[in-house]
Amino acid sequence: MNQFLFSTSWCVPLYGLVGAILTLPWAMGIIKRTGPRPAAYLNILTTVLAFVHSLFVFIDIWNREPETFTIAWFSAADFDLSFALDISPISIGTSVLITALSLLVQIYALGYMEKDWAIARFFAMMGFFEAALSGLAISDSLFISYALLEVLTLSTYLLVGFWYAQPLVVTAARDAFLTKRVGDLLLLMGVVTLSTMAGSLNFSDLYEWAQTANLNPLTSTLLGLALIAGPAGKCAQFPLHLWLDEAMEGPNPASVMRNSLVVAGGAYLLFKFQPILALSSVALNALIIMGTVTAIGASLVSLAQTDIKRALSHSTSAYMGLVFLAVGLQQGGVALMLLLTHAIAKALLFMSSGSVIFTTQTQDLTEMGGLWSRMPATTTAYIVGSAGLVSLLPLGSFWAMLSWADGFVAISPWVIGVLLLVNGLTALNLTRVFRLVFWGEAQQKTRRAPEVGWTMAFPMVSLTIVTLLVPVMLQQWYLLPTWESVNWYVVLLLISSTLVGVCTGCTIYLHKGWSRSTVLAWRFVQDLLGYDFYIDRVYRFTVVGAVALLSRISAWSDRYIVDGLVNLVGIATIFSGQTLKYSISGQSQGYMLTILAVVSVLGFFISWSLGLLDKLPF
């Protein structure tokens, strides 16, 4: 039985695809009499099967050596198109995480979107979402990984624009799609280049090629930057980071998946690129700079947000920045631990924020307050999720940051400074949001806010337990350091940064009635952070302005040069035709005289040109 499950592990992504296909009759309106909920149940059933299958494979493969399955798709002459799949504890463990979170999110969506008329369409998109993520987890082919990233981009566009009747939603979906297109286009260039140079797009073959590759510095730099661009767009990294903030206009269950798994999918692909990126020191330095700028910048921007989902989404960009920094420093194991702990904690945070939005019907932090006694399960989920996201002993993110900081405390002390700063700012932001939402006096929209129903409470409680058990799982997987090897000075620094952030968040003055500070200096800082350092305006005056100027120049040249030349020829033809019609006499001898005159003139010019040729020296 175990061998059968292992040999069919490549089928795990197909469960989500089958679930999406089964929901189409309801999503397309072919079946109406039963209502849309059977579509949701079918999709949840296929997700349960995917989770059980991947879990059994994960248990069985833990003591096995990684294997690679190659599925031949098309072969003709020298052209061979095959799909390579990586069956290892990391890839199957990632599939378990994806299917488990997808299952909890879909149960959560049953309650969150119970009154939405298009719930069947939503679950169909979630099925494609899950299938693409599961396929990306086990793919050993860069070609298939790129195709699945495109499916994720399309799914993100459809889910962000789910409520397409709202103009702001349409704008957010368009911006998310176009921003990712920039990174995907550059990644496609890198994929084509690798296919030409290495002769294969399977990661195992690319790793062997990278060990002996001898590229000139310019080629290796351009290749590395192209490979970085795709994950940078997916992970909302500077300068392709603005889309994730706008994508919060979509349904909250989709935001749970997007902020926990979709961004992690891009970072997971970046993790696989490590041996190729190591060919260029410029590419590694670009990762370090990009990750550092995004981690610190997004942490600062989150402090000025008054929308609960946007305040949490910026911390997603910040932690993905830490992952980019870890990959740039060639710390792949640390990057995977950060992805695991962040995905679980961030999913729990977005579930709790979705419960608040569901009961209060608002996302504005200034309209909330006093919910801790009215929504105990949601409050507990938020507290546990926040503790799991920052370095608070003994939860998951603490061990990920400790394993990183412990190795760099003497080599690169500035990395420790980045970790402490991002961790402290995140703790400050989460404490600020907690005070505005759950603490203080109840506001008009929160006085009668009840706890959510079981369909939303069950996933939150389950994920709360999982978050608390993350250290136990890490210990079972031998990922925790021994107490003898722990640097207690680093432990003290990490915990101190969390406590400083929490204490600062508890003591700063928060006035719900002020959307902007009355102090001019603080108002400037608040606007600077609230508008994301005005980067969107910089883009508007530079990139967008340059494209608009080129478009106007192109339109002017097309109208007055190209069309003008064509119109000139047409007018000249009309004028000459109108002029010649008055020279028509109707007499054949006149026509013959005109022909002879023209032929004579042509003959004179031809003979004159031939005479010139005879006089030339050659």
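Computed from heavy atoms alone, side chains included, the values below leave out hydrogens, waters and symmetry copies. In this chain, numbering begins with 1 at the start of the sequence shown.
Atom CG of residue Leu201 and atom CZ of residue Phe143 lie 8.0 Å apart, to the nearest 0.5 angstrom.
With Glu249 as the fixed residue, the salt bridge (Lys or Arg N to Asp or Glu O under 4.0 Å) test singles out one of Arg310, Lys309, Arg258: Arg310.
Looking at Asp140 and Lys272, no side-chain N of the basic residue comes within less than 4.0 Å of a carboxylate O on the acidic one, giving no salt bridge.
The local environment of CZ in Phe128 is crowded, with over 12 non-hydrogen atoms from other residues, nucleotides or ligands closer than 6.0 Å.
The aromatic rings of Phe273 and Phe203 sit tilted relative to each other, their planes meeting at an angle between 30° and 60°.
Both tests hold for Arg181 against Phe177: distance to the six-membered ring centre under 6.0 Å, angle to the ring axis within 45°.
Side chains of Ser91 and Ser88: a donor on one and an acceptor on the other come within 3.5 Å. A donor-acceptor contact closer than 3.5 angstrom links the side chains of Ser139 and Ser145. Inspection of the Asn43 and Thr23 side chains reveals no N or O donor paired with an N or O acceptor under 3.5 Å. One side chain, Thr153 or Asp184, offers a donor N or O that lies under 3.5 Å from an acceptor on the other. With hydrogens and angles left out, the side-chain atoms of Thr47 and Glu130 include a donor and acceptor closer than 3.5 Å. There is no side-chain donor-acceptor pair under 3.5 Å between Ser95 and Ser134.
Scanning all heavy atoms of the two residues, the minimum distance from Met248 to Ser255 falls at SD-OG, 4.1 Å.
The shortest side-chain heavy-atom distance between Phe324 and Pro231 falls under the 4.5 Å cut-off.
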